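Just so it is clear, the structure is predicted and the values come from calculations on it, not from any experiment. Here is how names work: the chains are called A, B, and so on, in the same order as the sequence lines, proteins then strands, and each is numbered from 1.
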2 protein chains.
Amino acid sequence: MNATVMSALAEPNRLQIVELLRESPLTVGEIAERLGLRQPQASKHLRVLSEAGIVEVQAVANRRIYKLRPNPFKELDAWLESYRRMWEERYDRLDEYLLEMQSKESGKHD
Amino acid sequence: MNATVMSALAEPNRLQIVELLRESPLTVGEIAERLGLRQPQASKHLRVLSEAGIVEVQAVANRRIYKLRPNPFKELDAWLESYRRMWEERYDRLDEYLLEMQSKESGKHD
DNA sequence: TATGAATATTCCTTTACAGGAATATTCCGT
DNA sequence: ACGGAATATTCCTGTAAAGGAATATTCATA
């Protein structure tokens with residue numbers, strides 16, 4: 001998994017922007033308005049999201065329409081795949097680990 | 001989605017810790033060793049992960065065994081669900097949005 | 001071409017956070 | 001009870017990043 005994507009989503013306003021864009025593509029002004037942000041901050045956050053590949057722009061005259069890109073979400077999903085067995089199996093390997101540790105332990109003073 | 005979880009995973013070392021714990025529960029010392037971290041930094045990162053609910057501890061004598069908790073991952077998966085149609089449908093609603101904007105536009109000088 | 005709307009960028013300040021070093025704490029074995 | 005191992009905590013410092021305010025840029029239209 002990419003820490004850059006996580007980092008971009010770690011900021012609450014940016015996370016909200018993403019959740020907003022889930023509904024529909026939006027203009028900078030609309031995003032700022034709906035989230036109660038000032039326009040420059042909205043632009044800055046969108047820049048970060050854009051550089052993380054989470055969002056892409058389409059210029060229409062004066063305005064910039066931002067929309068989500070599927071890739072990071074696909075990747076996140078793929079990443080989660082390796083964790084899925086964690087809750088699908090009830091087996092968490094802790095007992096296994098403890099036994100293993102114990103056996104190393106028993107050979108320590110020889 | 002919880003920004004705290006994202007924030008915890010945004011730090012590269014912490015992300016690596018999580019990926020390490022995916023294999024098996026581990027001791028602080030083992031984590032530090034495998035990732036080339038100093039013990040205090042490992043402890044601090046584990047604290048953050050713990051407060052985010054990503055990880056839980058089990059004390060065994062001197063040692064603390066850390067393991068992943070399924071919940072945050074379940075939640076992440078559930079959160080992703082709302083984005084899944086984004087790449088499952090090829091339809092991104094941008095054209096829709098443009099038409100909508102255009103119709104608002106046409107009624108602007110009256 | 002001058003004007004205003006939409007957006008991006010810059011500069012500044014404040015704050016959060018990561019790493020380093022040192023120290024405190026807890027536990028086992030002797 | 002003492003010494004050492006494993007872990008947690010504290011203090012300090014540097015740095016990155018977020019918000020505010022101001023300004024630059026770009027575009028459509030009169």
J.: Please report the interatomic distance CD(B:E56) to CG(B:L49), rounded to the nearest 0.5 Å.
T.: 12.5 Å
J.: Between D:dA6 atom P and B:I65 atom CD1, what is the distance in whole Å?
T.: 13 Å
J.: Starting at OH of A:Y66, measure out to CG of A:L21 and round the result to the nearest 0.5 Å.
T.: 10.5 Å
J.: Show every donor-acceptor pair shorter than 3.5 Å between a side-chain atom in residues 8-18 of chain A and any protein atom, with sequence neighbours excluded, or say none if there are none.
T.:
residue	atom	partner	partner atom	Å
A:E11	OE1	A:N13	N	2.8
A:E11	OE1	A:R14	N	3.1
A:R14	NE	A:A8	O	2.7
A:R14	NH1	A:H45	ND1	3.2

J.: Could you tell me which residues satisfy salt bridge (charged side-chain N to carboxylate O under 4.0 Å, His left out) with B:E19, sequence neighbours excluded, listed by chain and number?
T.: none
J.: Would you give a per-nucleotide map of nucleotides 8-18 of chain D, 5' to 3', where B means the base has a protein non-hydrogen atom under 4.0 Å away, S means only the sugar-phosphate does, and - means neither?
T.: BBB-------S
J.: Which pairs, with at least one residue in residues 68-78 of chain A and sequence neighbours excluded, count as a salt bridge (charged side-chain N to carboxylate O under 4.0 Å, His left out)?
T.: A:D77-A:R84, A:D77-B:R84
J.: To the nearest Å, how far apart are A:E33 CD and C:dA6 C1'?
T.: 13 Å
J.: Please report, to 0.1 Å, the donor-acceptor pairs under 3.5 Å made by any side chain of residues 33-42 of chain B, with sequence neighbours excluded.
T.:
residue	atom	partner	partner atom	Å
B:Q39	NE2	B:S43	OG	3.1

J.: Any side-chain N or O of B:R63 below 4.0 angstrom from OP1/OP2 of D:dT7?
T.: no
J.: Just how far is it from atom CE of A:M1 to atom OG of A:S82, taken to the nearest 0.5 Å?
T.: 11.0 Å
J.: Hey, is the side chain of A:N62 pairing donor to acceptor with the base of C:dA5 inside 3.5 Å?
T.: yes
J.: If you assign each of A:L37 and A:A61 to its closest nucleotide in DNA chain D, which residue comes earlier from the 5' end?
T.: A:L37
J.: Can you measure B:Q58 atom CD to D:dT7 atom P for me and round it to whole angstrom units?
T.: 14 Å
J.: Is the phosphate of D:dG19, meaning OP1 or OP2, less than 4.0 Å from a side-chain N or O of A:R38?
T.: no
J.: When the axes are fitted on five pairs at both termini, how much does the helix from C:dT1-D:dA30 to C:dT30-D:dA1 curve, in 10° steps?
T.: 20°
J.: Please tell me whether B:Y83 and B:W87 form a close aromatic pair, meaning their ring centres lie under 6.0 Å apart.
T.: no
